[in-house]
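Below: one structure, written as structure tokens.
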Amino acid sequence: MLSETETANENERIKNGADLSAKDKMANEKDYKQRYQELLIDVEKPARYAGGEWNTPDMTKERIGDMVFCFPELYEIGMSNLGIQILYNIVNQTDGYVAERCFAPAPDLAEKLRENDIPLLSLETRKPLKDFTVVGFSVGYELLYTNVLYMLDLARIPFRAKDRDGSYPILLAGGPCSVNPEPFADFFDIILVGEGEQPDIDILKVISEGKRAGLTKAEILAKVKGMEGAYVPSLHKDGEVVVKAVYPDFETAPYPTHPLVSNIEAVHDRCTLELYRGCASGCRFCQAGFWYRPIRERSAKRCAEYAKEMVESTGFNEISLCSLSTSDYTGLEELENDLTPYCKERKINLALPSLRISSFKPDMANNSRRSSLTFAPEAGTQRLRNVINKNVSEEEIDKISVAFEAGYDSVKLYFMMGLPTETDEDIAGIAEICKRLKWLYYQKRGKRGLNISVSCAVFIPKPCTPFQWEAQITYEEMLRKQAYLRSLLREIKGVSFSWHGAEPSVLEAALARGDKKQSYVIERAYELGAKFDGWTEHFKWDVWQRAFADCGLKMEDYYGAIPLDRTLPWEFIDSGVSKKYLLKQRELAYQGVTTKNCREGCNGCGANRLGRCTIC
């Protein structure tokens, strides 16, 4: 047994060792930062990794807890993501809590990090990701799944939650892909289903307080389970339901009126103004339209205040009105009346995204200085538009001609191919729409010269839609339909055609309706070299085919038709929209019967259970 003197000496030795360990850690972090700074000289677009953007909040305040928001794409894409800006702003405005960011490094930087034995660092303070309280990922698109593993690999964090003990940060995922989290569930400790304005900071507080109190990882996760929107895969039991988180009072929802201004030009380099969430149209293929219900609007007065404050705080010369169907916003005329003189005086563009044809008005074209306007007819014939509940008539499509009167010489049109019940006649209808618009332009302007850009995506059956049970057309049929439409449009002067690749569309469908077995496919694909799958130059179709085969799975089992009586992998998620309603909409689709716009009266989808729909 040690004497009192020996015990005191031992305690002092342990204390000194701890101090040395802390000093070593600080020295290592300083070394990381110095070497990281030096290697940026030799990479493409070093400003991606520089940090220090305009409007960066105070990173020196005392931290009770911190988190790093990871966006598994390049900086200029991630900086255009409104969700990240909103959540980043909320955490940093909360006393004692700090949020930093990390984007997927381009392959050239990743190579140098590995060569120089440097882990992936945050953008603001260049802190290793593995040293944060929480590492949060925004997962917005199925082809980003391997980039999640790419970032974890660079951060030296084990992929699977079961392989991470309490010494690692808690991994949290959120974003649109939480509609079906099963393919990536085993990689995360917590998945936030739905909107994160309130749950994100609540979960961060519980985790931070739990770690400070010395709770184990399992004890912390037990506290999180049951919180609004929180899905804890390791503790989830069969039959339990996770209810989507919804921010009820959208009028006062937190909004980043002093957003970060990127160091290099972002994909969307402008002020983004979110007018409302949800969509009243009910297009049967559209996941976002159903997932973001109930519909909640922000008043025109508050939207105008936010827009002006963002312009003053950033210096941007463009305001983008952002929602799923901007021209359906009930306060649009009032908002435009407020913002138009403000924008004209300051030479600021008021940008309109893809517009709903049936609610398009001439003033919308006059108030936007864009070189072209964008519309989404989605299908080439009235029959097929009825099937998908795209309540747009041929006469309404002709209304696009009011843009020609306003001086527009260019129109972008979005369509989809491979929709349920589609025939070649429906594909040919796309070319007929282009011909008719060219003729209307000639009538309005007395000359030829209209440029039409046609973009055609492949239908992907997505969870939380009436078409979630449908089969995707085969790979061969995709190629045939694309070639057929290309041949028709080639005959029309002034029409350009772009289309989504067949292989990525097949993979996206397979991943969108995946189950937990797919986590092994994703991991195997990454091992074989898959990353940045959304980029044509990086996409490796052969790798994904091999990954499915190596894991004993068939891709076609996931993108084929699903029996209506089968339990779906994502069925434990309560999105608000009832399964009964989705099945009824599917039945109406095959009858060619449309459902009225929600603004004409409630259709009873069920989403009002989660929050009051402000237009019903």
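Computed from a predicted structure; not experimentally measured.
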[X] versus [Y], closest heavy-atom pair with distance:
{"X": "M151", "Y": "C70", "result": "CE-CB, 3.9 Å"}
{"X": "D533", "Y": "L143", "result": "CB-O, 3.5 Å"}
{"X": "Q472", "Y": "P461", "result": "CB-CD, 3.9 Å"}
{"X": "A376", "Y": "K390", "result": "O-CE, 2.9 Å"}
{"X": "V506", "Y": "W541", "result": "CG1-CH2, 3.8 Å"}
{"X": "M416", "Y": "V458", "result": "CG-C, 4.1 Å"}

May I have the step-by-step check of side chain to side chain contact (heavy atoms under 4.5 Å, CB included) for E195 and Y292, ending in yes or no?
CA-CA 9 Å; E195 298 169 0; Y292 288 107; 4.3 Å; yes

Under 3.5 Å, is there a donor-acceptor pair linking the side chains of [X] and [Y]?
{"X": "R160", "Y": "S519", "value": "yes"}
{"X": "T330", "Y": "E297", "value": "yes"}
{"X": "N386", "Y": "T594", "value": "no"}

Does the side chain of [X] reach to within under 4.5 Å of the side chain of [Y], using non-hydrogen atoms?
{"X": "M67", "Y": "V135", "answer": "no"}
{"X": "V577", "Y": "W291", "answer": "no"}
{"X": "F71", "Y": "F137", "answer": "no"}
{"X": "V134", "Y": "I207", "answer": "yes"}
{"X": "I433", "Y": "I452", "answer": "no"}
{"X": "C434", "Y": "V454", "answer": "yes"}
{"X": "R546", "Y": "V543", "answer": "no"}

Determine yes or no for a side-chain-to-main-chain donor-acceptor pair under 3.5 angstrom, with [X] supplying the side chain and [Y] the backbone.
{"X": "R298", "Y": "E274", "value": "yes"}
{"X": "N81", "Y": "I84", "value": "yes"}
{"X": "T374", "Y": "K412", "value": "no"}
{"X": "Q382", "Y": "V392", "value": "yes"}
{"X": "N608", "Y": "C613", "value": "yes"}
{"X": "E197", "Y": "I86", "value": "no"}
{"X": "Y276", "Y": "S325", "value": "yes"}
{"X": "E587", "Y": "K584", "value": "no"}
{"X": "E396", "Y": "S393", "value": "yes"}
{"X": "K244", "Y": "S575", "value": "yes"}

Let's go through T381 and E425 carefully: what are the C-alpha distance in whole Å and the side-chain angles of both, what is the deciding distance for side chain to side chain donor-acceptor pair (under 3.5 Å) to 0.1 Å, and is it a yes or a no?
CA-CA 8 Å; T381 63; E425 183 180 345; over 6 Å; no

Is [X] positioned over the aromatic face of [Y], cation under 6.0 angstrom from the ring centre and no more than 45 degrees off axis?
{"X": "R284", "Y": "F459", "answer": "no"}
{"X": "R293", "Y": "F290", "answer": "yes"}
{"X": "R513", "Y": "Y558", "answer": "no"}
{"X": "R599", "Y": "Y329", "answer": "no"}

Under 6.0 Å from the [atom1] atom of [X], do we count more than 12 heavy atoms belonging to anything else shown?
{"X": "K580", "atom1": "NZ", "answer": "no"}
{"X": "K540", "atom1": "NZ", "answer": "yes"}
{"X": "K579", "atom1": "NZ", "answer": "yes"}

Side chain to side chain contact (heavy atoms under 4.5 Å, CB included), that's the test. Do L273 and S320 meet it? Break it down for me.
CA-CA 6 Å; L273 181 61; S320 175; over 6 Å; no

List the steps and the verdict of side chain to side chain contact (heavy atoms under 4.5 Å, CB included) for F467 and I460.
CA-CA 9 Å; F467 289 157; I460 295 170; over 6 Å; no

State which residues pass ring-ring contact (aromatic ring centres under 6.0 Å, His included) with W499; sequence neighbours excluded, sorted by chain then number.
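Checked W499 against ring-ring contact (aromatic ring centres under 6.0 Å, His included); matches are F497.
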
Let me confirm one number: the [atom1]-[atom2] distance from [X] to [Y], rounded to the nearest 0.5 Å.
{"X": "W544", "Y": "L511", "atom1": "CH2", "atom2": "CG", "answer": "5.0 Å"}
{"X": "E73", "Y": "S138", "atom1": "CD", "atom2": "OG", "answer": "11.5 Å"}
{"X": "N389", "Y": "N603", "atom1": "CG", "atom2": "CG", "answer": "8.5 Å"}
{"X": "Q468", "Y": "F285", "atom1": "CD", "atom2": "CZ", "answer": "15.5 Å"}
{"X": "K554", "Y": "Q545", "atom1": "NZ", "atom2": "CD", "answer": "14.0 Å"}
{"X": "E503", "Y": "D542", "atom1": "CD", "atom2": "CG", "answer": "10.5 Å"}

Could you go step by step and tell me if K462 and E508 meet the salt bridge (charged side-chain N to carboxylate O under 4.0 Å, His left out) rule?
CA-CA 9 Å; K462 291 279 184 121; E508 185 179 341; 3.0 Å; yes

Tabulate below the donor-acceptor pairs under 3.5 Å that side-chain atoms of residues 171-192 make, not counting sequence neighbours, or state none.
unit_1: S178; atom_1: OG; unit_2: G175; atom_2: O; d: 2.8
unit_1: N180; atom_1: OD1; unit_2: E182; atom_2: N; d: 3.4
unit_1: N180; atom_1: ND2; unit_2: A512; atom_2: O; d: 3.0
unit_1: N180; atom_1: ND2; unit_2: G514; atom_2: O; d: 3.0
unit_1: E182; atom_1: OE1; unit_2: Y231; atom_2: OH; d: 2.7
unit_1: D189; atom_1: OD1; unit_2: K217; atom_2: NZ; d: 2.8
unit_1: D189; atom_1: OD2; unit_2: R164; atom_2: NH2; d: 3.3
unit_1: D189; atom_1: OD2; unit_2: L171; atom_2: N; d: 2.7

Cationic N near anionic O, under 4.0 Å, R296 to D249:
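Result for this pair is no, no salt bridge flagged.
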
Under 4.0 Å between a side-chain nitrogen and a carboxylate oxygen: does that hold for E240 and K225?
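Between K225 and E240 there is a salt bridge, with a charged N closer than 4.0 Å to a carboxylate O.
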
Quick one: do L74 and W535 satisfy side chain to side chain contact (heavy atoms under 4.5 Å, CB included)? Show the steps, please.
CA-CA 11 Å; L74 295 178; W535 293 76; 3.6 Å; yes

Could you please spell out the steps behind the salt bridge (charged side-chain N to carboxylate O under 4.0 Å, His left out) verdict for R385 and E378?
CA-CA 7 Å; R385 285 194 293 276; E378 303 295 359; over 6 Å; no

Any chance you could lay out the side chain to side chain donor-acceptor pair (under 3.5 Å) test for Q85 and N89, step after step, and finish with the verdict?
CA-CA 6 Å; Q85 292 265 18; N89 178 64; over 6 Å; no

Passing option when E394 is tested against R383, R436, K399 for salt bridge (Lys or Arg N to Asp or Glu O under 4.0 Å):
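Exactly one option meets the salt bridge (Lys or Arg N to Asp or Glu O under 4.0 Å) with E394, and it is R436.
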
